[in-house]
Engineer: 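Quick one: this structure, given as structure tokens, is what I'll be asking you about.
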2 protein chains.
Amino acid sequence: MSTVGKAVSLLELFTLDEPEIGLSDLARKAGLDKATARRLLMALANHRLIEQEPQSRRYRLGAGLSRLARIRDAHFPFVRVAAPVARELSLETGETVHLSEFSAGALLTVHVELSAKANRVNVDVGQILPLHGTASGIAFLAASRLQVVSAYLEKPLQAFTAHTVTGPDTLAKAIAFAAASGYSRSSQGYEEGVHSIGAAILGADGQPIGALAVASPISRVDDAVAANQGAAAVKAARLIAARLTGEA
Amino acid sequence: MSTVGKAVSLLELFTLDEPEIGLSDLARKAGLDKATARRLLMALANHRLIEQEPQSRRYRLGAGLSRLARIRDAHFPFVRVAAPVARELSLETGETVHLSEFSAGALLTVHVELSAKANRVNVDVGQILPLHGTASGIAFLAASRLQVVSAYLEKPLQAFTAHTVTGPDTLAKAIAFAAASGYSRSSQGYEEGVHSIGAAILGADGQPIGALAVASPISRVDDAVAANQGAAAVKAARLIAARLTGEA
DNA sequence: AACGATGGTTCAAATAGTGAACCGACAAGA
DNA sequence: TCTTGTCGGTTCACTATTTGAACCATCGTT
């Protein structure tokens, strides 16, 4: 791996659950020598991508990341625009809604609106969703160019649960359904007990840039509920697209 | 410079004004060879810190940055904690209030509460404030260790308006005033017609981590108003510091 | 068709990265 | 008190990664 890749891997070790990590721990987790880890951390710290707590000497993510993220968000305000719409959709359906953005061949969860109900689906921001195992991914594929889809179908499809669709033909059918109805449906394809309805969000050029999904405990969903959620999800996805392209 | 440093420099070339840049341009600006720049960009893209626009082939900051920034902000909630206090201060003074966080030798504006008045000062989130030209910066310097201040005073001070304090002695006096009274005062040091009162926000270790400022059209401020704003700003800054360190 | 850009690729040469061994400090246990 | 095992941090000989000139292919202009 490149030196830069190693440095970024260090950044990626920090999570919501573990936002501060010591040097030895960091080196162990990254599979790097302590000296190497420290040199990389120093390079990152010089640019404020990493900060060191003066007392505990532990490391944490730096303010430079917030700065860069702000520049990106100002130019590409996906979350800013989409989050309020996702919130509305969550209130309307009473279920958890999550937003994902396409990046490097998969969907990256960038925002979550949790259901108010006690029995709800929990999704973490930052989670990476495969295109074939989730409703979001299938909706995204259905909105993609055929060329992209067939290229994706040629690669082996990993199974995440006993219900994950791994057959190219079955997946193609799910995609066809999504293309026809505007929304996709996936039952326990990624997590046991979770039912999802997905809809793609299109950019100005008509290509999909991300997706949103309504995720419910499977016990609360039947065909009628799914159809309602689908219609609402499509409406929300269109509203986001319209706002992103300045058409509303 | 380390390879990692070079890669991060590439990220730092993206600004609010120029959020998408082509390969050759990027290499030129960073002083790198095209091949090197591309290799670094690919390493960054693998971790979603950089994205490439498929059509134009230009590069932009990636979604991974938003992800990391969100993790940081969740743990180090400067804006989340400080924004409501800034809002109160804005309502109390009737003027625009802006929050900045120290990063890489300058203050980065991270939040703004605009005055409700028609004639108000406008500040943009993301703006970088010099330490010597703004009330926020002077307040920050006044709260910093002497060693940091004298190092800063040794470097030449850029003038932004005809009123910018560029003499080290004059600046030292302004810093001394701020150290004594708790708040700083700057008239038209960064923008013509703008008067600012600044106060530093201290972290758990007593070192300043940022600052807030009340910015008014100069026509609305006299010594009495400034003193009132100063007292209010100091109170707000202390409240934020207390909440950040879990003491309130 | 010729030009001057662009993005992207190759490979020998050279520089930058690596990691075992080391240090001092601290904390827990014997 | 004296281990023993951490921790963060540093050094330096060895080596693998990075580098960049020269090279395409492509695009839009002249």
Side-chain angles (χ1 to χ4, degrees), chain A residues 1-15 17-62 75-76 103-105 145 147-148 151 205 207, chain B residues 1-15 17-62 75-76 147 203-205 207:
Chain A
M1 191 192 290
S2 70
T3 313
V4 174
K6 287 174 202 159
V8 180
S9 312
L10 282 175
L11 291 177
E12 291 176 339
L13 292 175
F14 296 90
T15 63
D17 296 330
E18 198 176 12
E20 291 197 357
I21 313 182
L23 173 61
S24 299
D25 213 10
L26 222 30
R28 247 193 315 274
K29 284 181 172 134
L32 297 173
D33 188 87
K34 216 162 30 128
T36 302
R38 179 153 206 290
R39 197 169 34 76
L40 297 176
L41 286 168
M42 285 314 178
L44 292 169
N46 283 335
H47 294 265
R48 308 254 156 199
L49 265 49
I50 281 283
E51 290 171 354
Q52 191 173 17
E53 183 73 24
Q55 282 127 23
S56 68
R57 290 187 162 180
R58 282 144 66 90
Y59 297 87
R60 64 159 176 246
L61 296 175
H75 170 58
F76 196 74
S103 184
R145 282 171 304 171
Q147 191 183 345
V148 177
D205 57 355
Q207 291 306 303
Chain B
M1 192 194 287
S2 69
T3 314
V4 174
K6 287 175 202 158
V8 180
S9 313
L10 282 174
L11 292 177
E12 291 177 339
L13 292 174
F14 297 90
T15 63
D17 297 330
E18 198 176 11
E20 291 196 358
I21 315 182
L23 173 61
S24 299
D25 212 10
L26 222 30
R28 250 193 313 276
K29 283 183 172 130
L32 298 172
D33 188 87
K34 220 164 25 129
T36 303
R38 186 169 146 72
R39 196 168 36 76
L40 296 177
L41 286 168
M42 285 314 176
L44 292 169
N46 282 336
H47 294 264
R48 301 160 209 265
L49 266 47
I50 281 281
E51 290 170 356
Q52 190 172 18
E53 182 74 24
Q55 284 124 23
S56 67
R57 291 189 163 178
R58 283 145 63 90
Y59 297 87
R60 66 159 176 247
L61 296 175
H75 172 238
F76 195 72
Q147 192 183 343
D205 57 354
Q207 289 306 304

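We name chains A, B, ... by the order of the sequence lines, and we start the count at 1 in each one.
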Engineer: May I have the step-by-step check of side chain to side chain contact (heavy atoms under 4.5 Å, CB included) for B/Lys34 and B/Ser24, ending in yes or no?
Structural biologist: CA-CA 6 Å; B/Lys34 220 164 25 129; B/Ser24 299; 3.7 Å; yes
Engineer: Would you please confirm or rule out a distance under 4.0 Å between OP1 or OP2 of C/dG17 and any side-chain N or O of B/Thr3?
Structural biologist: yes
Engineer: Consider the side chain of B/Asp33, meaning its heavy atoms from C-beta on, and name the nucleotide among D/dG8, D/dA21, C/dG8 that approaches it most closely.
Structural biologist: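 Comparing D/dG8, D/dA21, C/dG8 against the side chain of B/Asp33, the answer is D/dA21.
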Engineer: Under 4.0 Å from OP1 or OP2 of D/dC7: is there any side-chain N or O of A/Tyr59 that close?
Structural biologist: no
Engineer: How many whole angstroms separate atom CG of A/Leu23 from atom C1' of C/dG19?
Structural biologist: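 Computing the A/Leu23:CG to C/dG19:C1' distance gives 13 Å.
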Engineer: Send over the distance from B/Arg39 CZ to C/dA16 P, rounded to a whole Å.
Structural biologist: 12 Å
Engineer: Could you check how far CD of B/Gln52 sits from P of C/dT6, rounded to whole Å?
Structural biologist: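 Atom CD in B/Gln52 sits about 15 Å away from atom P in C/dT6.
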Engineer: Closest approach to the side chain of B/Lys6, judged atom by atom: which nucleotide of C/dG7, D/dT19, D/dC7 is it?
Structural biologist: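 Closest nucleotide to the B/Lys6 side chain: D/dT19.
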Engineer: Which residue, B/Gly22 or A/Ala35, contacts DNA chain C at a nucleotide closer to its 5' end, judged by nearest heavy atom?
Structural biologist: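 Checking each residue's closest nucleotide, the 5'-ward one belongs to B/Gly22.
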Engineer: To the nearest Å, how far apart are B/Leu41 CG and C/dT9 C1'?
Structural biologist: 15 Å
Engineer: Does any non-hydrogen side-chain atom of A/Leu23 lie less than 4.5 Å from one of A/Arg57?
Structural biologist: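 In short, these two side chains do not touch, never coming nearer than 4.5 Å.
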Engineer: Given A/Glu18, which partner from the list A/Arg58, A/Lys29, A/Arg60 fulfils the salt bridge (charged side-chain N to carboxylate O under 4.0 Å, His left out) test?
Structural biologist: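 Among A/Arg58, A/Lys29, A/Arg60, the one meeting salt bridge (charged side-chain N to carboxylate O under 4.0 Å, His left out) with A/Glu18 is A/Lys29.
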Engineer: Looking at C/dT18, C/dT6, D/dT18, which one has an atom nearest to any side-chain atom of A/Leu40?
Structural biologist: C/dT18
Engineer: Rounded to whole angstrom units, what separation is found between the CG atom of A/Asp25 and the C1' atom of D/dC7?
Structural biologist: 11 Å
Engineer: So A/Phe76 and B/Leu61, do their side chains get closer than 4.5 Å, heavy atoms only?
Structural biologist: no
Engineer: With the side chain of B/Lys34 defined as its heavy atoms from C-beta on, choose the nearest nucleotide among C/dG17, C/dG7, C/dT18.
Structural biologist: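 Ranking C/dG17, C/dG7, C/dT18 by closest atom to the B/Lys34 side chain puts C/dG7 first.
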Engineer: Whole angstroms only, please: what is the CG-P distance between B/Leu10 and D/dT19?
Structural biologist: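 Spelled out: CG on B/Leu10 to P on D/dT19 is 10 Å.
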Engineer: For B/Arg58 and D/dC27, what is the distance between atoms CZ and C1' respectively, to the nearest whole Å?
Structural biologist: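 Taking CZ of B/Arg58 and C1' of D/dC27, I get 15 Å after rounding.
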Engineer: Carefully, step by step, assess B/Leu32 and B/Leu10 under the rule side chain to side chain contact (heavy atoms under 4.5 Å, CB included).
Structural biologist: CA-CA 9 Å; B/Leu32 298 172; B/Leu10 282 174; 4.3 Å; yes
Engineer: For the side chain of B/Arg57, starting at C-beta, report the closest nucleotide among C/dT6, C/dG8, D/dG8.
Structural biologist: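 For the B/Arg57 side chain, the nearest candidate turns out to be C/dG8.
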Engineer: Counting only side-chain heavy atoms from C-beta out, which of C/dG8, C/dT18, C/dA16 sits nearest to B/Arg38?
Structural biologist: C/dG8
Engineer: Check whether any side-chain N or O of B/Thr36 sits under 4.0 Å from OP1 or OP2 of D/dT18, and answer yes or no.
Structural biologist: no
Engineer: Let me know, please, whether A/Met42 or A/Val4 comes out on the 5' side of the other along DNA chain D by nearest nucleotide.
Structural biologist: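 Counting from the 5' end, the first nearest nucleotide belongs to A/Met42.
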